[in-house]
Structures are given as structure tokens and as C-alpha cells.
There are 2 protein chains.
Amino acid sequence: MLKLTKKADYGLMALKYLAEHPETPALSAKDVADAYGIPAQLLAKILQRLTKTGLLRSQAGINGGYALARDARQISAYEVILAIDGPFFITSCTKGAHGCELTPSCTIKEPLARVNETIAGVLKSISIHDLVEQEHPPQGGDKKGLVSLTV
Amino acid sequence: MLKLTKKADYGLMALKYLAEHPETPALSAKDVADAYGIPAQLLAKILQRLTKTGLLRSQAGINGGYALARDARQISAYEVILAIDGPFFITSCTKGAHGCELTPSCTIKEPLARVNETIAGVLKSISIHDLVEQEHPPQGGDKKGLVSLTV
DNA sequence: CAGTATACGACTAATTTGGTCGGCCTTACA
DNA sequence: TGTAAGGCCGACCAAATTAGTCGTATACTG
Ligand code: FES
Ligand code: FES
């Protein structure tokens, strides 16, 4: 409930791993999968998807693999999740398309849509680079990426 | 993905409905279920759970039913969701108990835990009363419950 | 060409969620 | 005092989603 899918998690982990190895021109799906002990074929599919959405660049053939398409700072967690799991809405009813015709009396969705935006905002404010940074977390009064919005 | 379960949704709807009818001493699960067209038995179970966690007061017997245990302002969406779906973590690995022993190398969880807290914070800042209020939403520069935290 | 890698779709398995059923206990009130 | 409206609870089944596998085709390197 209200949690990332494993695929999205894997995706983030992989991107982070790639961000940590900027020297290497490309890392194969297997390399990354082995590093974290996640199913290679599954990760492969995930990376393929990320490639299709433009977050990664791929190279087939020997010594091929994947590399970030942009700087780690320019890739937000939001993009990754979006690419892997598709658009997400906290409310069950999509609202945008045709509303919740079944339960027209329910007005819960409106305020919840804001929660949704808030979450999206937070996710957008986190970049892959941030994930790498916080590897060694105990830094003091850090304050970048301040999120502030009214509910 | 990253969405409320229907149960939680139902629960919020029900609480909102109860909040909208403060005159009546108690509304039966069936009353509420009919009002929104949701399965009565399922709603009943949800309301029972909310009762057990102290958000509702119940009354058995004829003319019995449920009523809010506290003022609508004092019940947060967070509590409701927590009561229905159990504690939620955005990360797959619970982290608290025994960490992610399987993938000790993964440090994704740390920053994501903050996202988790942010979401929880937003949810906590929304009360059932807010849901009722925003029924007729187009009010101007409202600014209560401002959430602000660093990521 | 041989070998290593991505690309992609179909499929199955596992998990989670949604929903139902049946029996029991409590209370109002006729 | 008995009966019907209602809550309470656990077991169970069904549907949906997610996780993971397999097979095959294609691309690149040397
Ligand atoms: S769930 Fe669709 S309007 Fe409430
Ligand atoms: S998923 Fe558990 S540490 Fe990353």
C-alpha cells in the first residue's frame, strides 16, 4: 500500500549504480543485477524501458550495456518511477478522463489529488545524484531542494 | 502503484459521510454503503476496524451504527489509512526491523525514507474535516496546514 | 563468423486486494 | 421475553496486480 513497486525500486538502484560508475562507458544489465542480487532478466527489461523513455542510452554487442543519458542531477526519481510504472494517481478513480461516474457523490478525490501532487513534487525534487550523495548520509544542516506547499 | 487501496478510500469516504451528518447519533454500515454504492459487507469490515483503532464509536442493536469518536478536525487521513492498511513504507524493505539483508549494498532506502516521511506528514496534516470543507472547493488564498521540509 | 549483449513479447507464478459467507453477540422495543 | 436490526469476527474465494521466466530476434565487436 502506497509503496513503490520492486521494479521501480530496482530501476532506481540501477540508475544509482550507473551514476556511481561514470568512468565506465557502459555496464551490462547483468553487471548491475549481480551487484545487487536482483534477477538479471527482469532488470534487463526495466533498463530497456528506461532506455525507451530516454533516461538511458544503450549499446548492443560485446562490451555493450547501459549508461545514463544525462547527468545524474538531471534525472529525477519521479521520471524513473513514471517510466517504469506509468502515471500514478493516489486516488483509485483516474478523475481526469471521465471522472468517477460510479460514485458521483464522492468528493474525496479532490483533496487527495493535492496529496498526489505533493508526492509528485517531492519525487521530482529528488535526483539520482541525490541518491548517490546520501550514501554517506550523516551530514549536518543540509537544505537543498526545499519543498514547501500548502495543503 | 503508489495509490491508496480501495479500502482506505472507502474508509475516508465513510468518515467524511459521518462527519457530514453530525446530527444523527449513529449511521449503520449499510446506510453509508448505500450512499456511495460500495459493498455493504466490505464497508462493515472497514468500519469495524476503524472502531477497533478508536476512530469510531459503535453501537450494536437496533438503530445502532457508527459515529466519529472525535471531532472531524482531530482525525487525520493518516490515521485512517494506517488503521486500514497498516503501517506503510514506500520502500519495499521495511528497514526498521532487520534491514535489507539481502541487498546490503543498496542505499536507496535512506533518501526514500524521507519521501515516506514527507508523505506521512502531508497525510497527517489533512483531517476528515478538511475533506468535508473542500466539498465546495473554490476558495481563494487558503493557507492552513503548510507543509515544509527539506529533502 | 562467433560471442556477447540488447530488444521485445508472451507466458506463468506469486502476492496483494477486493469481496463474500456464515455464525455469534448485543441492544431496542413491542 | 423474543425477535429483528445491527455490530463483530474469521475463514474463505475471486480478481487484479506485480514479479519473474523464457524464447527468439536483432545488433555490435572483433
Ligand atoms: S473514488 Fe472516485 S470520486 Fe471518490
Ligand atoms: S530495497 Fe532494501 S535496501 Fe534497497
Side-chain angles (χ1 to χ4, degrees), chain A residues 1-11 13-14 18 24-34 36-67 69 81 83-89 92-93 102-103, chain B residues 1-11 13-14 18 24-34 36-67 69 81 83-89 92-93 102-103:
Chain A
M1 76 111 331
L2 210 45
K3 71 175 186 293
L4 263 58
T5 59
K6 269 189 190 167
K7 289 182 189 178
D9 215 344
Y10 291 164
M13 286 156 78
L18 291 176
T24 61
L27 284 167
S28 77
K30 187 164 185 312
D31 289 341
V32 182
D34 286 353
Y36 291 111
I38 57 192
Q41 296 196 98
L42 181 54
L43 214 223
K45 268 212 311 201
I46 295 169
L47 295 183
Q48 281 162 29
R49 185 162 227 148
L50 292 174
T51 302
K52 205 153 46 169
T53 55
L55 297 179
L56 291 179
R57 268 177 303 102
S58 67
Q59 172 82 12
I62 217 162
N63 275 116
Y66 300 89
I81 296 172
I84 296 175
D85 288 336
F88 71 106
F89 299 96
S92 4
C93 62
L102 298 162
T103 59
Chain B
M1 75 113 331
L2 207 47
K3 71 174 186 294
L4 263 59
T5 60
K6 269 189 188 168
K7 289 180 190 179
D9 215 342
Y10 291 163
M13 286 156 78
L18 291 176
T24 61
L27 284 167
S28 77
K30 187 165 184 310
D31 290 340
V32 183
D34 287 352
Y36 291 111
I38 58 191
Q41 296 195 101
L42 181 53
L43 214 222
K45 266 210 314 200
I46 295 168
L47 296 183
Q48 282 163 30
R49 186 163 225 147
L50 291 175
T51 302
K52 205 154 48 172
T53 55
L55 297 180
L56 291 179
R57 268 177 302 104
S58 67
Q59 171 82 12
I62 217 162
N63 275 114
Y66 299 90
I81 295 170
I84 297 174
D85 289 335
F88 71 107
F89 300 96
S92 3
C93 62
L102 299 161
T103 59

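In what follows, chains are A, B, ... by sequence order, proteins preceding strands, each numbered from 1.
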For a quick check, tell me whether the side chain of A:K45 and the base of C:dT6 share a donor-acceptor pair closer than 3.5 Å.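 Looking at the base of C:dT6, it does not pair with any donor or acceptor on the side chain of A:K45 (distance under 3.5 Å).
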Holding to side-chain hydrogen bond (donor to acceptor under 3.5 Å, both in side chains), I want the full list of residues that pass it with B:S28, two or more places apart in sequence or in another chain.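 So B:S28 forms a side-chain hydrogen bond (donor to acceptor under 3.5 Å, both in side chains) with B:D31.
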How would you list, by chain and number, every residue that makes a side-chain hydrogen bond (donor to acceptor under 3.5 Å, both in side chains) with B:D34, sequence neighbours excluded?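 side-chain hydrogen bond (donor to acceptor under 3.5 Å, both in side chains) list for B:D34, sorted by chain: B:K30.
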Nearest whole Å is fine: how far is D:dG7 C1' from B:L43 CG?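 After rounding, the gap between these two atoms is 13 Å.
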Interatomic distance, A:I62 CD1 vs C:dT4 C1' [rounded to whole Å]: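 Between C1' of C:dT4 and CD1 of A:I62: 5 Å.
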Would you say A:Y10 places a side-chain N or O within less than 4.0 Å of OP1 or OP2 belonging to D:dT18?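 So the side-chain polar atoms of A:Y10 never come under 4.0 Å of the phosphate oxygens OP1 or OP2 of D:dT18.
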Provide a list of protein-nucleic acid N or O atom pairs under 3.5 angstrom, restricted to nucleotides 23-25 of chain D.
none

Interatomic distance, A:K6 atom NZ to A:I38 atom CD1 [nearest 0.5 angstrom]: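 Interatomic distance, A:K6 NZ to A:I38 CD1, rounded to 0.5 Å: 10.5 Å.
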Residues from residues 50-60 of chain B sitting under 4.0 Å of DNA chain C, heavy atoms only?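 Those residues whose heavy atoms fall under 4.0 Å from DNA chain C, taken from residues 50-60 of chain B in numerical order, are B:Q59, B:A60.
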Mind listing the side-chain donor-acceptor pairs of residues 40-52 of chain A below 3.5 Å, one per line with the distance, residues two or more places apart or on another chain?
unit_1	atom_1	unit_2	atom_2	d
A:R49	NE	A:A83	O	3.4
A:T51	OG1	A:L47	O	2.7

Holding to side-chain contact (heavy atoms from CB on, under 4.5 Å), I want the full list of residues that pass it with B:P25, two or more places apart in sequence or in another chain.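 For B:P25 there are no side-chain contact (heavy atoms from CB on, under 4.5 Å) partners, ignoring immediate neighbours.
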My understanding is that only residues two or more places apart in sequence, or in another chain, count here; which of them pass side-chain contact (heavy atoms from CB on, under 4.5 Å) with B:A8?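 With sequence neighbours excluded, B:A8 shows a side-chain contact (heavy atoms from CB on, under 4.5 Å) to B:L4, B:T5, B:I81, B:D85, given in chain and number order.
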Let me spell it out: for each of A:R49 and B:K7, pick the nucleotide of DNA chain C with the closest heavy atom. Which residue's pick is nearer the 5' end?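 Comparing both residues, the 5'-ward one is A:R49.
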